[in-house]
Amino acid sequence: MKTAQDGQLQSKDLLGIEQLSRDDILLILDNAAGFKHVVTRTVKKVPTLRGKTVVNLFFENSTRTRTSFELAARRLSADVINFDVATSSVNKGESLLDTVETIEALGADYVVIRHGSSGAHQYLGRQVRASIINAGDGQHEHPTQALLDCFTIRENKGELDGLKICMVGDILHSRVARSNILAMTRLGAKVTLIGPPTLVPEGFSAMGAEICHDMNEGIRNADVVYMLRIQLERQGRSLFPSLKEYKQLYGLDPQRMRHAKQDAIIMHPGPVNFGVELSRDVMNDPRTRILDQVTNGVAARMACMYLLRGARDLEA
Ligand code: NCD
């Protein structure tokens with residue numbers, strides 16, 4: 001595995017947490033802390049990527065991630081193009097590689113891609129000079145989400161070493177869960193996955209996580225309760241009896257939070273299905289960090305773009 005050296009990442013692409021060492025992750029989180037100062041001050045811009053071009057290419061729906069990447073690029077003074085897949089030649093049958101090569105020929109230095117197929121990013125990364133950044137590939141990985149989540153936890157709890165982090169819900173279909181399990185365990189946290197056996201199969205224990213099918217037991221003494229959306233759009237068939245029953249067994253409400261540590265924080269990557277995985281009043285709980293996650297996403301993505309090898313090489 002290539003690791004962080006001389007304060008920079010050795011790779012030009014950000015494909016997944018899988019490719020990052022613990023040092024790489026910590027390097028990104030340290031830099032994100034610096035960029036958080038930038039995005040929370042009155043003048044929110046730095047000239048780091050002036051003259052560079054970032055293209056957002058989203059084949060799947062997104063609100064937070066796309067806007068966050070756009071803002072991160074703008075805060076770094078890059079030019080940003082949001083490629084409109086719906087009205088593009090993709091609809092005339094142009095392949096993903098042709099599309100990305102065209103974008104690169106137009107001068108893109110970074111291509112941020114959300115695509116339904118895992119593996120697409122890796123392939124493109126080998127074919128083009130531009131930095132490819134994975135903004136979600138099917139059910140596989142969503143590395144920048146995990147980085148912003150670890151950043152948020154670190155901001156609230158200090159280092160992740162030894163923390164008990166529970167992820168609750170549709171682990172099976174969640175790229176957020178996969179990237180987070182990799183990142184959190186690499187940083188020394190104890191991860192417990194909670195949900196029905198159909199959504200939390202035993203195989204996940206191979207990733208170093210514990211599995212628990214009882215919510216009250218699973219979140220006992222948790223430092224972080226991380227809720228996930230039921231990804232109905234990815235489920236070919238119903239994997240639990242009804243949303244009502246799911247809510248009763250695995251939904252988070254103030255009563256259930258009593259089982260976690262008193263100062264446990266509550267997280268969710270969004271979008272939230274209110275009334276299913278979270279009750280509305282959890283949003284007003286002072287321990288909820290869901291909007292902080294959104295804010296921190298910009299800083300974490302700025303750090304990633306800044307640290308990728310291509311950016312530094314171009315800077316020199
Ligand atoms: C997630 C995603 O798209 O993977 N959302 C996000 O990026 N903030 C999770 C989800 O859709 O449930």
Side-chain angles (χ1 to χ4, degrees), residues 14-18 28 32 56-73 82 85 112-121 133-153 165-184 193-196 199-200 204 224-236 239-240 243 246-247 250-252 265-278 282-283 288-305:
L14 179 61
L15 304 174
I17 299 293
E18 184 82 64
I28 296 169
N56 277 325
L57 182 55
F58 278 60
F59 291 86
E60 287 187 341
N61 299 340
S62 174
T63 303
R64 289 161 196 74
T65 308
R66 201 196 55 68
T67 322
S68 179
F69 267 111
E70 176 170 355
L71 215 47
N82 291 311
V85 173
V112 178
I113 307 179
R114 173 169 283 191
H115 195 273
S117 316
S118 15
H121 297 75
I133 300 180
N134 182 358
D137 56 347
Q139 295 173 203
H140 181 232
E141 277 229 43
H142 191 349
T144 57
Q145 179 69 45
L147 291 163
L148 75 90
D149 290 334
C150 289
F151 177 73
T152 305
I153 296 171
I165 303 177
C166 296
M167 300 199 87
V168 186
D170 189 355
I171 309 288
L172 179 62
H173 299 96
S174 175
R175 53 193 172 204
V176 172
R178 239 170 285 267
S179 287
N180 260 315
I181 298 167
L182 289 167
M184 290 165 176
L193 306 176
I194 304 170
L199 297 179
V200 188
F204 276 91
V224 178
V225 180
Y226 194 112
M227 304 301 293
L228 289 166
R229 186 174 67 87
I230 292 286
Q231 310 226 344
L232 290 172
E233 77 278 17
R234 297 195 193 282
Q235 298 184 11
L239 294 172
F240 50 88
L243 285 178
Y246 178 83
K247 176 188 162 184
Y250 298 106
L252 190 67
I265 57 168
I266 301 165
M267 299 175 72
H268 191 301
V272 177
N273 287 316
F274 284 108
V276 183
E277 69 267 18
L278 282 190
V282 169
M283 214 50 199
T288 297
R289 294 292 180 272
I290 299 173
L291 293 177
D292 293 342
Q293 288 171 263
V294 177
T295 309
N296 290 340
V298 178
R301 290 175 175 120
M302 286 170 84
C304 293
M305 287 194 243

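First listed ligand is number 1; within each ligand, the first listed atom is number 1. Computed from a prediction, not measured in an experiment: that's the story for all the values here.
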Among side-chain atoms of [X] and [Y], is any donor-acceptor pair under 3.5 angstrom?
X      : Y      : answer
Thr152 : Arg289 : no
Asp149 : Gln293 : yes
Arg114 : His142 : yes
Glu70  : Asn82  : yes

Do any nitrogen or oxygen atoms of Thr65 lie less than 3.5 angstrom from nitrogen or oxygen atoms of ligand 1?
yes
Where the closest heavy atom to [atom] is concerned, which of [options] has it?
atom                   : options                : value
atom 9 (C) of ligand 1 : Gly270, Ser174, Ala177 : Gly270
atom 2 (C) of ligand 1 : Glu60, Glu141, Arg175  : Arg175
atom 7 (O) of ligand 1 : Gln139, Arg64, His142  : His142

Any idea which atoms of ligand 1 are less than 4.0 Å away from a heavy-atom of [X]?
X      : result
Arg229 : 10 (C), 11 (O), 12 (O)
Gln145 : 6 (C), 7 (O), 8 (N)
Val176 : 1 (C), 4 (O), 9 (C)

Test of understanding: with ring pair (Phe, Tyr, Trp, His ring centres under 6.0 Å), list the residues that count as partners of His115, not counting sequence neighbours.
Phe59
Is the shortest distance from a heavy atom of Pro269 to ligand 1 less than 4.0 Å?
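Pro269 counts as a contact of ligand 1 under the 4.0 Å cut-off.
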So is Arg114 in contact with ligand 1, going by heavy-atom distances below 4.0 Å?
yes
Can a donor-acceptor pair be found, under 3.5 Å and without considering hydrogens, that links the side chain of Glu141 to the backbone of Glu18?
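Pair found, side chain donor or acceptor close to backbone of Glu18.
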With a 3.5 Å distance limit and no angle check, can you tell me whether Ser174 reaches the backbone of Val176 through a side-chain donor-acceptor pair?
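Yes.
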